[in-house]
Amino acid sequence: LASFSCDHCGYSNNDVTFGGAIADEGVKIDVNVYSKDWLNRFVVKSEFATISIPEIELEIPRDTQKASIKTIEGYLRATADGLKFNQEERRLQDPDTAMRIDEFIEKLERMCDGKDMPYHFLIDDPSGNSYVQNPHAPAKDVYVSSIELLTICRLPQSITKEPSKS
């Protein structure tokens with residue numbers, strides 16, 4: 001776990017580096033976010049995981065917000081912050097696209113404020129190393145479903161480990 005924050009420019013980074021092996025099975029996690037309280041759940045996202053919210057056609061590719069630990073709200077706010085980057089310049093060069101991005105940012109902010117609910121926060125992780133906090137542990141979390149998937153069929157070639165043929 002590495003954390004960095006610059007008081008001068010405001011840049012921050014909370015990366016997670018997994019030291020263990022890739023799990024035998026990948027995982028798909030579906031969190032039903034139905035109240036503002038659920039936004040405070042911690043999510044461990046591996047470097048291979050993709051996050052999506054189908055209700056707003058959002059997909060956070062695995063390389064965009066790399067391995068990290070944030071709350072659900074934290075992932076939404078980081079996405080909004082990323083979309084805000086260069087938005088002033090975009091307004092000058094492509095006002096229509098900038099307007100659509102502004103509308104999407106507003107939608108994300110309403111979701112963070114608990115105004116647009118419910119929705120599904122999905123994590124698809126072929127490495128099987130992502131996790132969503134269960135505040136009711138050891139009781140089953142009825143608002144989170146998880147499906148384990150055969151890893152070898154789903155892993156990107158860049159993370160499969162085949163013996164070298166040298």
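This structure is a prediction, so every number in the text was calculated from the model and none was measured. Heads up: numbering here begins at 1 and tracks the sequence.
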First locate atom [atom1] of [X], then atom [atom2] of [Y], and finally report the distance between them rounded to the nearest 0.5 Å.
| X | Y | atom1 | atom2 | result |
| --- | --- | --- | --- | --- |
| Leu39 | Cys112 | CG | SG | 6.5 Å |
| Ser127 | Glu25 | OG | CD | 12.5 Å |
| Leu83 | Leu58 | CG | CG | 8.0 Å |
| Gln93 | Arg91 | CD | CZ | 12.5 Å |
| Thr50 | Asp63 | OG1 | CG | 8.5 Å |
| Ser145 | Lys140 | OG | NZ | 7.5 Å |

Open item on the list: Could you walk me through whether Ser130 and Val44 satisfy the side-chain contact (heavy atoms from CB on, under 4.5 Å) test, starting with their C-alpha distance in whole Å, then the side-chain angles of each, then the deciding distance to 0.1 Å, before giving a yes or no?
Closed with: CA-CA 5 Å; Ser130 292; Val44 177; 5.8 Å; no
- [ ] Please report the C-alpha distance between Phe42 and Ile69 in whole Å, then the side-chain angles of each, then the deciding distance to 0.1 Å, and finally whether the side-chain contact (heavy atoms from CB on, under 4.5 Å) criterion is met.
- [x] CA-CA 7 Å; Phe42 279 98; Ile69 300 174; 4.0 Å; yes
Open item on the list: Using side-chain heavy atoms (C-beta onward) and a distance below 4.5 Å, is His120 in contact with Val33?
Closed with: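 No, side chains not in contact.
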TODO: Report yes if some heavy atom in the side chain of Phe121 is under 4.5 Å from a heavy atom in the side chain of Ile53; otherwise report no.
DONE: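 With C-beta onward as the side chain, the pair touches.
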For residues [X] and [Y], report the shortest heavy-atom separation together with the two atoms involved.
| X | Y | answer |
| --- | --- | --- |
| Pro118 | Asn32 | CB-OD1, 3.9 Å |
| Lys45 | Tyr75 | CB-OH, 3.1 Å |
| Asn134 | Ala139 | ND2-O, 2.9 Å |
| Met111 | Met117 | O-CE, 3.8 Å |
| Val27 | Ser146 | CG2-OG, 3.2 Å |
| Phe48 | Arg62 | CD2-NH1, 3.2 Å |

Determine whether a donor-acceptor pair (N or O, by modelled atom type, separation under 3.5 Å) exists between the side chain of [X] and the backbone of [Y].
| X | Y | result |
| --- | --- | --- |
| Thr64 | Ile60 | no |
| Glu59 | Ile51 | no |
| Gln133 | Val43 | no |

Shared ILVMFWY cluster between [X] and [Y], side chains joined below 4.5 angstrom?
| X | Y | answer |
| --- | --- | --- |
| Ile105 | Leu92 | no |
| Leu122 | Phe104 | no |
| Met99 | Ile101 | no |

Any carboxylate oxygen within less than 4.0 angstrom of a Lys/Arg side-chain nitrogen, looking at [X] and [Y]?
| X | Y | value |
| --- | --- | --- |
| Asp102 | Lys84 | no |
| Glu106 | Lys115 | no |
| Arg77 | Glu73 | yes |

TODO: Any chance you could lay out the side-chain contact (heavy atoms from CB on, under 4.5 Å) test for Leu108 and Ile56, step after step, and finish with the verdict?
DONE: CA-CA 9 Å; Leu108 287 170; Ile56 61 169; 3.8 Å; yes
TODO: Answer yes if the side chains of Ser46 and Asn129 hold a donor-acceptor pair under 3.5 Å, and no otherwise.
DONE: no
TODO: Would you check if there is a donor-acceptor pair between the side chains of His136 and Asp141 at a distance under 3.5 Å?
DONE: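 Judged by distance alone, the side chains do not pair up.
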Task: Over 12 foreign heavy atoms within 6.0 Å of OH, Tyr34 - done: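 It does: Tyr34 OH has more than 12 such atoms within range.
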